[in-house]
Amino acid sequence: MSGILNSSIGRKFAMALSALFLMFFLLQHFAINILSVFSPDAFNEASHFMGTFWAVQFILQPVLIIGIIFHFTMGIILELKNRKARQVSYAKNNGNANSSWMSRNMIWTGLLIEAFLIVHMSQLWWHEMMVKYINPVKEDPTRYYEELVAHFESPVIVGIYVVAFVFLALHLLHGFNSAFQSIGANNKYTKALKGISKVYSIGIPAGFVFIALYHHLAH
């Protein structure tokens, strides 16, 4: 692994794989959360399963945390190396003319998303750790919907969600295509991937914003 990460191509490939993993998780997370809009019982059932099934808790959850840390760490490393490599070319050419705003600011949108994740996990994930392992309480399979609704009562929290998911959309609009290109899925698939990219990159963040606003306004 260390040998792969020592090369530029290897780092980009590893970055792409971690991005695809996180995008799959994001889709799965949205699929569960959107249930809260249509069926509180279905949302409670799905959340209870995810929150108590041993493979999710002790295998998938640690893998997810490692994946998040790896993705953002590798993103910072790639950005620093890219900036160093571009110093000479920027002196000769206008770098802005050959890249989009989103590609030039991936590091900043990524850092803002990471800050949101820290806040999000400190509120929800840490709460789960407290009630399950640190100060255990008897599990209530119906508690998840009520906790979600209570979480979105605050307009400040909802505002943070909206801003965070706008930045996530901007991050994904470049990162989705970039990840697939880094693993070689381009050429004849490029046109289809661009269409899927726009649907995913705008639709999923917009869906999360809708969930937050729905619960804030409906309760």
Side-chain angles (χ1 to χ4, degrees), residues 18-57 59-61 63-65 67-68 71 109-110 112-129 131-132 139-177 179-180 192-219:
S18 66
L20 294 173
F21 168 71
L22 293 177
M23 285 189 288
F24 175 78
F25 163 76
L26 190 66
L27 182 62
Q28 173 264 324
H29 192 47
F30 172 74
I32 293 176
N33 281 13
I34 195 64
L35 291 174
S36 66
V37 173
F38 302 104
S39 173
D41 290 338
F43 174 74
N44 279 329
E45 185 176 349
S47 298
H48 177 68
F49 172 79
M50 296 296 291
T52 57
F53 185 47
W54 66 269
V56 174
Q57 292 296 296
I59 298 178
L60 296 181
Q61 188 168 253
V63 169
L64 173 62
I65 294 172
I68 291 172
H71 184 74
T109 56
L112 287 167
I113 295 165
E114 186 175 13
F116 166 74
L117 284 175
I118 292 172
V119 173
H120 180 66
M121 293 182 74
S122 68
Q123 293 180 322
L124 298 180
W125 179 80
W126 182 246
H127 168 72
E128 288 295 302
M129 297 300 101
V131 301
K132 288 176 183 173
E139 173 64 11
D140 177 8
T142 66
R143 68 180 172 89
Y144 299 95
Y145 180 77
E146 293 179 357
E147 290 178 355
L148 182 71
V149 170
H151 183 67
F152 289 124
E153 286 181 353
S154 169
V156 174
I157 295 296
V158 174
I160 291 173
Y161 264 69
V162 172
V163 172
F165 280 106
V166 168
F167 280 111
L168 177 62
L170 294 173
H171 194 78
L172 287 170
L173 280 168
H174 175 73
F176 191 105
N177 283 330
F180 278 99
L193 284 174
K194 284 183 177 180
I196 297 171
S197 170
K198 289 181 179 180
V199 172
Y200 181 98
S201 301
I202 297 174
I204 297 299
F208 276 104
V209 169
F210 169 74
I211 292 168
L213 291 174
Y214 173 83
H215 289 299
H216 179 70
L217 298 174
H219 298 282

Is the [X] ring parallel, tilted or perpendicular to the [Y] ring (thresholds 30°, 60°)?
{"X": "Phe165", "Y": "Tyr161", "value": "tilted"}
{"X": "Phe49", "Y": "Phe53", "value": "parallel"}
{"X": "Phe25", "Y": "His29", "value": "parallel"}

Donor-acceptor pair, side chain of Tyr200 and main chain of Met23, under 3.5 angstrom: yes
Any donor-acceptor N/O pair, Ser47 side chain to Asn44 backbone, under 3.5 Å: no
Any side-chain donor near an acceptor of the partner, Ser39 and Asp41, under 3.5 Å: no
Donor + acceptor pair across side chains of Glu153, His215 (<3.5 Å): no
So, do [X] and [Y] sit near enough that their side-chain heavy atoms are less than 4.5 Å apart?
{"X": "Ile157", "Y": "Gln123", "answer": "yes"}
{"X": "Pro205", "Y": "Val166", "answer": "no"}
{"X": "Leu173", "Y": "Ile202", "answer": "yes"}
{"X": "Met50", "Y": "Gln28", "answer": "yes"}

Test of ring centre spacing under 6.0 Å for Tyr144 and Phe43: no
From CA spacing to verdict: side chain to side chain contact (heavy atoms under 4.5 Å, CB included), Ile65, Trp125: CA-CA 11 Å; Ile65 294 172; Trp125 179 80; 3.9 Å; yes
